[in-house]
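Numbered from 1 within each chain, the chains take letters A, B, ... in sequence-line order.
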2 protein chains.
Amino acid sequence: MSKSNNVHEMLNIMSKNGWRITDQRKSLAQIFSDHPGYLSPKDVYDHMSEKYPSVSFDTVYRNLRMMNDMGVLEQFYFMDGGLKFRANCLDHHHHHLICINCEKTLTFDYCPMDNGVELPGNYKIVNHRFEIYGLCEDCQQ
Amino acid sequence: MSKSNNVHEMLNIMSKNGWRITDQRKSLAQIFSDHPGYLSPKDVYDHMSEKYPSVSFDTVYRNLRMMNDMGVLEQFYFMDGGLKFRANCLDHHHHHLICINCEKTLTFDYCPMDNGVELPGNYKIVNHRFEIYGLCEDCQQ
DNA sequence: TTCCCTGCAAAGGGTTTGCAGACTG
DNA sequence: CAGTCTGCAAACCCTTTGCAGGGAA
């Protein structure tokens with residue numbers, strides 16, 4: 001459960017899927033391991049720039065998309081439509097409690113689908129989305 | 001509860017907020033009254049074009065934003081980040097059941113926030129989002 | 001060495017803004 | 001008639017794509 005373990009796990013998954021482990025990809029894994037909350041492509045680019053001043057946006061985008069496709073990251077459109085990514089929790093279903101100021105997130109296990117939602121119509125349920133937005137303790141001051 | 005009533009109501013709100021009632025705005029109200037589901041700006045533009053072949057995208061966007069700001073419409077970013085609008089239900093809190101194929105929506109009154117969610121941390125809850133995606137009866141075939 | 005990956009550049013889609021003329025109230 | 005609204009055009013932001021050189025396996 002240590003941070004370096006997370007990085008290692010992410011790289012492992014990439015490697016097992018046939019992707020090459022480049023320095024940039026190591027850095028990406030490190031960034032998401034260091035920042036447990038959601039990051040926008042711009043955030044990621046900024047962090048990457050510290051180590052690789054000449055990194056390009058397209059590389060960031062390409063890798064983010066790839067990491068999302070293989071399940072290393074979890075992508076997410078916020079209420080304002082902005083795209084963000086975070087390290088994916090691989091082992092269980094959960095939802096998010098998100099600070100609208102600093103965007104720090106907590107996960108929680110309660111799922112409304114398990115608790116007696118009654119739905120109109122004869123829809124075949126495929127997916128659902130449940131997020132709670134608020135101010136974290138630090139941001140309430 | 002008739003359709004023309006809805007149009008009238010929407011125009012009324014706009015008028016009371018000091019906005020002028022132009023032909024294009026009448027058409028917009030009519031379009032949303034005729035289409036109870038979610039419409040993208042492009043959808044709206046296409047419908048507008050039928051009556052006003054020279055309508056421009058910026059007029060559509062400006063009015064959609066304005067109608068959203070004053071509560072006539074309800075705006076919404078879908079799971080894929082796409083922006084959509086629909087006529088706002090002004091009288092009660094509800095959530096949506098959305099067909100992932102035709103995007104027809106049903107509303108339902110169950111709200112997870114009323115049903116014993118237990119949250120970690122000391123967040124001050126501001127907002128929440130709960131949507132269920134599925135296939136409607138027509139689209140299951 | 002092979003093929004993937006990167007960075008550059010440019011294109012693309014969706015949305016917003018500045019402006020002059022047209023229309024509402 | 002005054003002030004807003006529209007349409008045009010261009011700008012803007014975010015994201016994707018094509019390509020040639022550089023790096024991983």
A:Leu28 atom CG is separated from C:dT6 atom C1', nearest whole Å, by 12 Å

Quiz prompt | Over-ring placement of B:Arg129 relative to B:Tyr77, 6.0 Å and 45° cut-offs | solution = no

To the nearest angstrom, the CG-C1' distance between B:Asp23 and C:dT24 comes to 10 Å

Could you tabulate the donor-acceptor pairs under 3.5 Å formed by side-chain atoms of residues 96-106 of chain B, not counting sequence neighbours?
{"unit_1": "B:His96", "atom_1": "NE2", "unit_2": "B:Tyr38", "atom_2": "OH", "d": "3.1"}
{"unit_1": "B:Glu103", "atom_1": "OE1", "unit_2": "B:Lys84", "atom_2": "NZ", "d": "2.4"}
{"unit_1": "B:Glu103", "atom_1": "OE2", "unit_2": "B:Lys84", "atom_2": "NZ", "d": "3.1"}
{"unit_1": "B:Thr105", "atom_1": "OG1", "unit_2": "B:Arg86", "atom_2": "NH1", "d": "2.7"}

A:Asp69 CG to D:dT16 P, in whole Å, measures 11 Å

Under 3.5 Å, which donor-acceptor pairs do the side chains of residues 10-17 of chain A form with other protein atoms, sequence neighbours left out?
{"unit_1": "A:Asn17", "atom_1": "ND2", "unit_2": "A:Ile13", "atom_2": "O", "d": "2.7"}

Sorted by chain and number, sequence neighbours left out, side-chain contact (heavy atoms from CB on, under 4.5 Å) with A:Asp69 holds for A:Arg65

Pairs under 3.5 angstrom, nitrogen or oxygen only, protein versus nucleotides 4-7 of chain D, please.
{"unit_1": "D:dT4", "atom_1": "O4'", "unit_2": "B:Arg20", "atom_2": "NH1", "d": "3.3"}
{"unit_1": "D:dC5", "atom_1": "OP1", "unit_2": "B:Arg20", "atom_2": "N", "d": "3.4"}
{"unit_1": "D:dC5", "atom_1": "OP1", "unit_2": "B:Arg25", "atom_2": "NH1", "d": "2.9"}
{"unit_1": "D:dT6", "atom_1": "OP1", "unit_2": "B:Thr22", "atom_2": "OG1", "d": "3.1"}
{"unit_1": "D:dT6", "atom_1": "OP2", "unit_2": "B:Asn63", "atom_2": "ND2", "d": "3.3"}
{"unit_1": "D:dT6", "atom_1": "O3'", "unit_2": "B:Gln24", "atom_2": "NE2", "d": "3.0"}
{"unit_1": "D:dG7", "atom_1": "OP1", "unit_2": "B:Gln24", "atom_2": "NE2", "d": "3.2"}
{"unit_1": "D:dG7", "atom_1": "OP2", "unit_2": "B:Thr59", "atom_2": "OG1", "d": "3.0"}
{"unit_1": "D:dG7", "atom_1": "N7", "unit_2": "B:Asp58", "atom_2": "OD1", "d": "3.3"}
{"unit_1": "D:dG7", "atom_1": "N7", "unit_2": "B:Arg62", "atom_2": "NH2", "d": "2.9"}
{"unit_1": "D:dG7", "atom_1": "O6", "unit_2": "B:Arg62", "atom_2": "NH1", "d": "3.3"}
{"unit_1": "D:dG7", "atom_1": "O6", "unit_2": "B:Arg62", "atom_2": "NH2", "d": "3.2"}

note: B:Leu11, atom CG; C:dT24, atom P; distance rounded to Å ~ 14 Å

Here the distance between atom P of C:dT17 and atom CZ of B:Phe57, to the nearest Å, is 17 Å

When rounded to whole Å, the OH to C1' distance for the pair A:Tyr45 and C:dT6 reads 13 Å

With sequence neighbours left out, the residues meeting side-chain hydrogen bond (donor to acceptor under 3.5 Å, both in side chains) with B:Asn88 are none

From CD of A:Gln75 across to C1' of D:dT16 the rounded distance in Å is 14 Å

Here the distance between atom P of C:dG14 and atom OH of A:Tyr77, to the nearest Å, is 12 Å

A:Gln140 meets the side-chain contact (heavy atoms from CB on, under 4.5 Å) criterion, sequence neighbours left out, with A:Leu135, B:Lys124

